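Just so it is clear, the structure is predicted and the values come from calculations on it, not from any experiment. Just follow the structure's listing: the first ligand is 1, and inside any ligand the first atom is 1.
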Amino acid sequence: MIIKSDKPKCFCGIFGIFGTPQASVKTYYGLHALQHRGQEATGIVTQSFNERGKSVFNIHKAEGLVSEVYADADILKKTLVGNSAIGHNRYSTTGSSESKKNIQPFVVNYRMGNLAVSHNGNLTNAKQLREELVNEGAIFQTTSDTEVILHLIARSKLDNQIDQIKEALSKLEGAYCLTILTDDKLIAARDRYGFRPLAIGKTSGAFIAASETCAFDIMSAEFVREVEPGEMVIIDDEVIQSGQEKSVMISVSAVPKKQCIFEYIYFSRPDSFIFGHNVDKMRRRLGKILARKHPVRDKDGDKVIVISVPDSSNTCAIGYQTQLEKQGIISRLEIGLIRSHYIGRTFIQPGQEKREIGVRIKFNIVKGVLEGRTIVVVDDSIVRGTTSKQLVNLLKEANPKEIHLRISSPPIKHPCYYGMDFPSREELIANRHEDIKAIKKYLEVDSLEYLTKEEMLEAVSEAGTENFCTACFSGEYPTEVDVNFKKEIYEI
Ligand code: SF4
């Protein structure tokens with residue numbers, strides 16, 4: 001079985017490249033860097049020409065990690081040939097996670113030729129669009145909302161492919177970042193709210209599009225810019241010659257940006273640059289504000305030990321400890337929890353409490369640094385709370401003086417309709433307990449403090465406090481949402 005973490009499940013990672021020999025190899029590296037955005041399945045589609053000079057698409061998709069799915073190098077070198085490619089790492093959001101058919105990129109062949117799509121995000125009007133398309137005779141192959149996009153493009157009556165794609169995208173509501181591959185173009189598109197990040201890079205004359213800039217660094221590519229909310233960036237042979245990407249706005253009606261604040265809190269890698277800023281910088285600031293608002297002092301005046309729940313909280317813990325020092329509180333950042341990165345599919349004996357053994361397989365404590373100390377455990381979020389409780393129990397085995405838990409986001413109370421998979425509303429710890437005091441009691445820690453929404457926004461204020469979606473904390477959704485939406489809605 002797979003040991004699942006008690007964290008919101010990440011969306012997906014997308015990648016695209018145009019104008020380089022062996023585009024699949026670069027896509028492989030890009031997807032490798034984006035593995036944190038989806039670990040269930042991965043796929044690459046490349047474009048090449050057959051012996052008759054006809055454009056063909058080559059596809060390889062399977063369940064598993066990037067390193068597993070492309071373990072046979074011949075797949076990249078002999079099957080996935082061509083100078084352009086798109087790729088996708090998936091954690092299922094809509095669509096059954098069991099269905100292999102839902103692995104992206106999706107490919108169609110229609111009157112304008114071949115077209116492949118990788119999608120990150122979740123469409124909020126997919127159900128209506130799908131019903132309309134089915135009523136018009138469309139036959140769906142998958143249960144994923146992404147297939148709606150292919151049908152909308154393929155059914156367009158317009159004659160220019162860019163116009164067809166623009167028309168299709170203008171009908172979508174909700175969150176999407178896309179890389180689209182055609183017989184002669186790569187297109188990178190972002191929804192008008194800009195929920196998810198998407199960046200453009202360049203390497204040796206080729207253009208790249210990727211969910212996060214860490215996918216550029218792995219191949220020493222240069223970051224060019226982010227795709228603007230509501231923008232389609234088009235790369236073709238002309239662009240490769242001129243070095244200047246083409247741009248089309250999807251819709252004339254601009255809306256305020258609503259970037260997912262969770263990308264800064266937890267999802268994106270700290271070495272990425274998204275929404276105009278380094279994730280590392282934003283995560284440190286979250287930690288600093290957390291320390292400013294909720295410092296911890298040792299009751300006997302001893303040194304306070306700050307530890308993170310690795311890896312996502314590491315940077316935040318640095319910010320927290322730095323700020324404690326600034327406030328004159330003697331403290332030290334320590335590695336108190338060791339995380340195993342080699343869990344993969346782990347056997348768990350039937351009858352063992354899955355979550356408990358899961359925590360023990362994943363984490364261990366460094367007793368020497370925790371024993372007899374006042375510890376501050378910095379974490380980015382609490383979802384169900386079951387893992388946090390097990391972690392606290394584990395830490396207690398080191399006999400610390402006190403355990404204080406600090407969370408760099410507010411309590412999560414509402415579902416996300418834009419691509420993140422939280423458990424049901426009833427399962428969220430913040431809904432199962434009356435208030436933070438009750439959660440503290442359940443977790444059996446000496447103190448528990450979260451950032452408030454205002455404090456969280458203060459940390460990211462450099463990127464504009466108005467520019468973020470905070471709906472999972474506040475319930476204030478920036479778009480209309482179907483509160484009855486269930487991901488199983490499309491099961492066939
Ligand atoms: S609801 Fe939460 S997770 Fe979803 S897009 Fe908004 S901030 Fe991000």
Side-chain angles (χ1 to χ4, degrees), residues 5-14 36-38 91-94 119-126 145 172-178 190-198 211-212 226 229-230 255-269 272 274-277 279 282-283 286 312 316 379-384 407-425 427-431 450-461 463-487:
S5 83
D6 183 26
K7 286 287 174 195
K9 299 300 180 299
C10 197
F11 319 88
C12 299
I14 60 169
H36 61 290
R37 297 185 73 88
Y91 169 75
S92 80
T93 47
T94 62
H119 174 202
N120 172 205
N122 220 64
L123 305 179
T124 50
N125 65 340
D145 60 343
L172 307 180
E173 287 293 336
Y176 64 82
C177 276
L178 305 170
R190 195 164 165 218
D191 70 70
R192 57 196 183 132
Y193 293 94
F195 283 105
R196 310 270 145 256
L198 186 61
S211 296
E212 291 181 41
E226 293 184 80
V255 291
K257 275 190 211 169
K258 290 294 165 195
Q259 302 160 138
C260 171
I261 202 156
F262 234 97
E263 294 277 356
Y264 278 150
I265 294 166
Y266 167 69
F267 286 137
S268 291
R269 269 178 39 168
S272 285
I274 64 160
F275 308 150
H277 296 271
V279 177
M282 291 305 187
R283 224 165 262 176
L286 286 161
S312 52
C316 187
D379 203 355
D380 46 72
S381 53
I382 310 183
V383 182
R384 288 187 189 83
I407 310 297
S408 62
S409 61
I412 301 168
K413 291 189 168 175
H414 307 273
C416 173
Y417 297 97
Y418 309 118
M420 180 163 54
D421 199 11
F422 286 129
S424 70
R425 206 180 276 262
E427 283 177 274
L428 294 167
I429 191 169
N431 290 332
Y450 289 81
L451 283 182
T452 63
K453 183 183 132 190
E454 290 69 30
E455 289 162 356
M456 171 180 73
L457 288 172
E458 186 189 336
V460 299
S461 58
T465 50
E466 298 300 314
N467 291 336
F468 288 95
C469 172
T470 59
C472 45
F473 308 111
S474 62
E476 294 153 14
Y477 293 97
T479 68
E480 259 183 51
V481 291
D482 175 4
V483 289
N484 297 316
F485 173 86
K486 292 256 184 318
K487 73 172 185 169

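For atom 6 (Fe) of ligand 1, the set of nearby N, O or S atoms under 2.8 Å includes one belonging to Cys469. Among the atoms of Cys260, no N, O or S atom is found under 2.8 Å from atom 2 (Fe) of ligand 1. Taking backbone and side chain together, Cys416 holds an N, O or S atom under 2.8 Å from atom 4 (Fe) of ligand 1.
Listed by first then second residue, pairs satisfying salt bridge (charged side-chain N to carboxylate O under 4.0 Å, His left out) with a partner in residues 469-481 read Lys453-Glu476, not counting sequence neighbours.
In this structure the side chain of Met456 reaches within 4.5 angstrom of the side chain of Pro410, judged on heavy atoms.
Here is the list of ligand 1 atoms found below 4.0 Å of a heavy atom in Met420: 3 (S). Using a 4.0 Å cut-off to heavy atoms of Cys472, the atoms of ligand 1 that qualify are 1 (S), 2 (Fe), 3 (S), 7 (S). Of all the atoms in ligand 1, the ones that sit under 4.0 Å from a non-hydrogen atom of Tyr418 are 5 (S).
Assignment of Glu476 to the shell around ligand 1 is not supported, since no heavy atom sits closer than 4.0 Å.
With a 4.0 Å cut-off on non-hydrogen atoms, Arg196 touches ligand 1 through its side chain and not its backbone.
Remark: the Ser461 side chain and the Glu458 side chain contain no N/O donor-acceptor pair separated by less than 3.5 Å. Counting only N and O atoms by type, the side chains of Asp380 and Ser408 include no donor and acceptor under 3.5 Å apart.
With Glu226 contributing its side chain and Gly276 its backbone, the two residues share a donor-acceptor pair below 3.5 Å.
Of the residues listed (Phe422, Phe262, Phe468, Tyr450), the one engaging Phe473 in a ring pair (Phe, Tyr, Trp, His ring centres under 6.0 Å) is Phe262, and it is the only one.
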